[in-house]
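A short write-up of the structure that comes next.
First the proteins, then the strands, lettered A, B, ... as listed; each starts at 1.
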2 protein chains.
Amino acid sequence: MKSVTVYDIAKEANVSVATVSRVLNNTAPVKASTRERIQSLINKYQFQPNALARSLIKKVTGMIGIILPDITNPFFPEVLAGLEQEARKQGYTFFLCDTGSSNLDIKEQYKRETQYLNILMEKQVDGIIMIGGRIDLHKCSKEMAKEVAEINKRVPLVFINGNLPGAKFHRVVIDEEAGGRMVTEHLIGLGHRDIAFIGGYSQMSNTVERLQGFRMAMERAGLPVREEWIDHGGFSVQRGKNMMGRLLEMDTVPTAVVCANDLVGIGAIKAAVKSGLQVPRDVSITGVDGVPLAASVIPELTTMSLRCLELGRAAASVLHGLISKSGDVQTLTILQPELVIRESTSVPMQKEA
Amino acid sequence: MKSVTVYDIAKEANVSVATVSRVLNNTAPVKASTRERIQSLINKYQFQPNALARSLIKKVTGMIGIILPDITNPFFPEVLAGLEQEARKQGYTFFLCDTGSSNLDIKEQYKRETQYLNILMEKQVDGIIMIGGRIDLHKCSKEMAKEVAEINKRVPLVFINGNLPGAKFHRVVIDEEAGGRMVTEHLIGLGHRDIAFIGGYSQMSNTVERLQGFRMAMERAGLPVREEWIDHGGFSVQRGKNMMGRLLEMDTVPTAVVCANDLVGIGAIKAAVKSGLQVPRDVSITGVDGVPLAASVIPELTTMSLRCLELGRAAASVLHGLISKSGDVQTLTILQPELVIRESTSVPMQKEA
DNA sequence: TTGAAAGCGCTAACAT
DNA sequence: ATGTTAGCGCTTTCAA
């Protein structure tokens with residue numbers, strides 16, 4: 001299984017390795033006849049230069065690492081697709097590091113992030129993108145933040161939708177608060193006054209911010225926020241079902257429910273339907289994320305599009321800027337979410353009596 | 001930005017690089033005091049050995065490449081998760097190569113497969129996993145097949161759910177035909193006689209096989225297959241909608257529809273509901289894949305689970321066997337799909353008249 | 001227990 | 001236009 005090297009090619013072509021390298025990289029003129037001779041040998045042996053050796057000397061690998069919590073959550077593949085689209089143009093290849101939050105206790109997840117961060121460093125990636133995990137924590141521990149800050153000094157790093165204290169990171173984020181606010185305003189505009197907010201985790205900044213937006217919209221409209229209608233308990237369909245179920249058992253129920261993400265929104269719809277309610281006739285429900293899935297349910301979910309693809313593309317482009325030191329890279333890129341009105345929201349039913 | 005190397009550590013510790021390497025790899029006894037001295041330097045500088053240099057000499061990279069057509073299709077992340085779970089145990093890292101079929105013409109996609117195949121070879125991955133793309137073709141061109149066969153000679157390669165002529169590849173597959181058969185039998189068992197099959201592509205082997213299973217079940221039950229009720233036109237929700245819409249405009253409509261995958265199934269449900277039908281009361285609908293999404297729609301989709309996670313895990317384990325030459329690797333691993341009965345199927349309505 | 005030295009496969013001066 | 005040679009950062013004989 002001896003693989004062929006530039007030396008083999010050089011010998012058979014009666015040239016030096018330097019010349020072979022030259023035709024490989026087009027880095028200096030080579031006589032046409034020589035070049036052809038070499039090229040045909042390359043084809044003959046299907047020679048592929050060893051990227052390890054090349055990178056070792058060039059100090060560039062063309063690899064970027066992406067660390068995310070759960071590839072199974074449709075939000076991430078969507079972002080990933082955007083990342084890929086942009087990064088491929090620049091010739092990068094991806095290391096996918098899934099810390100597998102879905103079936104892990106949280107500490108284990110952060111440990112994996114650390115592991116992957118180290119592995120990526122060792123593999124000499126040109127840059128790293130982080131999304132989810134510890135950077136989504138509303139209050140991240142000093143040590144965990146420090147680890148990342150340390151990495152940030154050594155290699156280009158960009159966050160998607162998150163942040164960490166103790167250093168200025170390059171970030172591409174969606175305006176979460178605006179998202180929470182806009183979707184709530186949509187509901188208020190429809191005539192709703194009794195609105196709940198469910199889903200997410202109170203220790204995560206996206207949840208905090210979306211809720212913040214929700215409160216702001218309510219306040220501006222002069223509507224009271226009923227704290228018993230605010231429930232954090234996760235981001236999955238199942239959790240959404242549970243939370244909505246709980247809501248529906250209360251003495252007074254809201255006419256509209258803002259869900260922290262699309263999955264919860266879908267769960268909420270399922271719970272509502274199961275309770276014999278019609279959506280949106282009896283209760284309006286909204287999500288946040290804008291994953292394709294949200295358009296696949298019945299009724300189609302009104303949601304805030306977090307513009308996943310663009311998020312991914314923007315992050316890739318910022319990272320590329322950092323890697324290629326093109327000077328003009330923004331530290332903070334903020335994208336505005338977009339309200340997508342579909343079928344799960346409508347005017348509230350007339351209050352009886 | 002000079003990164004520290006074994007030489008730096010060695011010098012400061014007054015030892016040779018060989019000794020540093022020894023403590024790094026635990027490859028030979030080192031005096032405790034020396035080891036400590038070195039270790040503390042490693043910590044002090046947060047030294048991380050350069051994996052490129054290491055791999056260059058060891059000829060093992062711990063990297064495996066996975067080539068897939070569209071990370072955005074929920075089937076693939078699911079498989080990927082299984083792959084990760086298993087491969088991580090073995091210490092592998094992933095190159096994700098998305099050929100991005102979703103927004104590409106088909107030739108472009110195959111070109112990307114070729115590109116990625118080459119890149120992966122250059123990066124010296126320890127192994128490659130292919131899923132989707134050309135290996136799903138019912139009849140793949142000689143040249144495209146040859147390319148892959150060539151790769152197969154040089155590096156461990158395993159296919160998930162696919163095959164190619166001209167060589168014996170290591171494969172982990174689901175029994176597609178059984179899937180088509182079982183889901184159809186379920187419908188027949190319920191009392192359906194007028195059953196359609198929609199979705200997929202006639203040039204793809206998974207579609208051909210699922211349809212084959214469908215026909216077999218029908219035949220065994222002595223039921224006629226109406227060719228006008230067989231429609232291939234894709235794997236997406238939108239396509240499912242279209243195909244179902246067409247079906248519903250026919251003079252006679254089926255009482256049950258077998259869809260080639262879950263996405264099409266969901267589209268079919270949407271089209272049916274839009275036409276004022278109730279699922280499953282008026283028409284039963286089934287999918288194939290068993291992605292979580294299928295349990296999120298209303299009504300929840302009856303489907304054949306392709307056991308994505310296990311598929312991924314099995315593939316990873318076969319690949320690991322190949323890489324570590326543990327001798328006992330099966331060339332062909334067949335998994336049986338599993339019928340998951342949910343809410344989208346029921347006994348047919350009584351024929352009027 | 002430790003060191004010296006020879007590479008792994010490639011690129012990049014520096015010569016010619 | 002082409003060859004020589006010195007590394008890139010590490011592991012691994014072979015000696016000591």
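The nucleotide range of DNA chain C contacted by chain B, defined by atoms under 4.0 angstrom from heavy atoms of the protein and reported 5' to 3', is dT1(C) to dG9(C). In 5' to 3' order, the nucleotides of DNA chain D bounding all contacts with chain B (an atom under 4.0 Å from a heavy atom) are dG9(D) to dT13(D).
Contact check of residues 21-41 of chain B against DNA chain C (heavy atom, cut-off under 4.0 Å) returns Arg22(B), Pro29(B), Val30(B), Lys31(B), Thr34(B).
Taking the nucleotide of DNA chain C with the nearest heavy atom to each of Leu56(A) and Val17(B), the more 5' of the two is matched to Val17(B). Position along DNA chain D of the nearest nucleotide to Ala53(B) versus Thr19(B) favours Ala53(B) as the more 5'-ward residue.
Shown here are the salt bridge (Lys or Arg N to Asp or Glu O under 4.0 Å) partners of Lys31(A), two or more places apart in sequence or in another chain: there are none. For Ser317(A), there are no side chain to side chain donor-acceptor pair (under 3.5 Å) partners at least two apart in sequence or on another chain. With sequence neighbours excluded, no residue satisfies side chain to side chain donor-acceptor pair (under 3.5 Å) with Ser205(A). Contacts of Thr27(A) classified as side chain to side chain donor-acceptor pair (under 3.5 Å), with partners at least two apart in sequence or in another chain: none. Scored by the salt bridge (Lys or Arg N to Asp or Glu O under 4.0 Å) test, Glu86(B) finds Lys89(B) as partners (sequence neighbours excluded). For Phe47(B), there are no ring pair (Phe, Tyr, Trp, His ring centres under 6.0 Å) partners, not counting sequence neighbours. For Gln85(B), the side chain to side chain donor-acceptor pair (under 3.5 Å) test picks out Arg313(B), with sequence neighbours left out.
In this structure, Val15(A) reaches the sugar-phosphate backbone alone: every heavy-atom distance under 4.0 Å involves primed, P, OP1 or OP2 atoms, never a base. Among the protein residues, Asp8(A) comes within range of no part of the nucleic acid, since none of its heavy atoms lies under 4.0 Å from any strand.
In summary, of the residues considered (Leu80(B), Leu96(B), Leu83(B)), a side chain to side chain contact (heavy atoms under 4.5 Å, CB included) with Ile71(A) occurs for Leu80(B) alone.
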Salt bridge (charged side-chain N to carboxylate O under 4.0 Å, His left out) for Glu12(A) and Arg37(A)? Distances and angles first, verdict last.
CA-CA 9 Å; Glu12(A) 190 161 341; Arg37(A) 194 151 28 97; over 6 Å; no
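Taking 4.5 Å as the limit, some side-chain heavy atom of Glu147(B) sits within range of a side-chain heavy atom of Thr114(B).
Axis angle, first five pairs versus last five pairs of the helix from dT1(C)-dA16(D) to dT16(C)-dA1(D): 40°, rounded to 10°.
The aromatic rings of His320(A) and Tyr92(A) sit perpendicular to each other, their planes meeting at more than 60°, with 30° as the lower class boundary.
Under the salt bridge (charged side-chain N to carboxylate O under 4.0 Å, His left out) criterion, no residue pair touches residues 51-72 of chain A, with sequence neighbours excluded.
A ring-centre distance under 6.0 Å is not found for Phe94(B) and Phe95(A).
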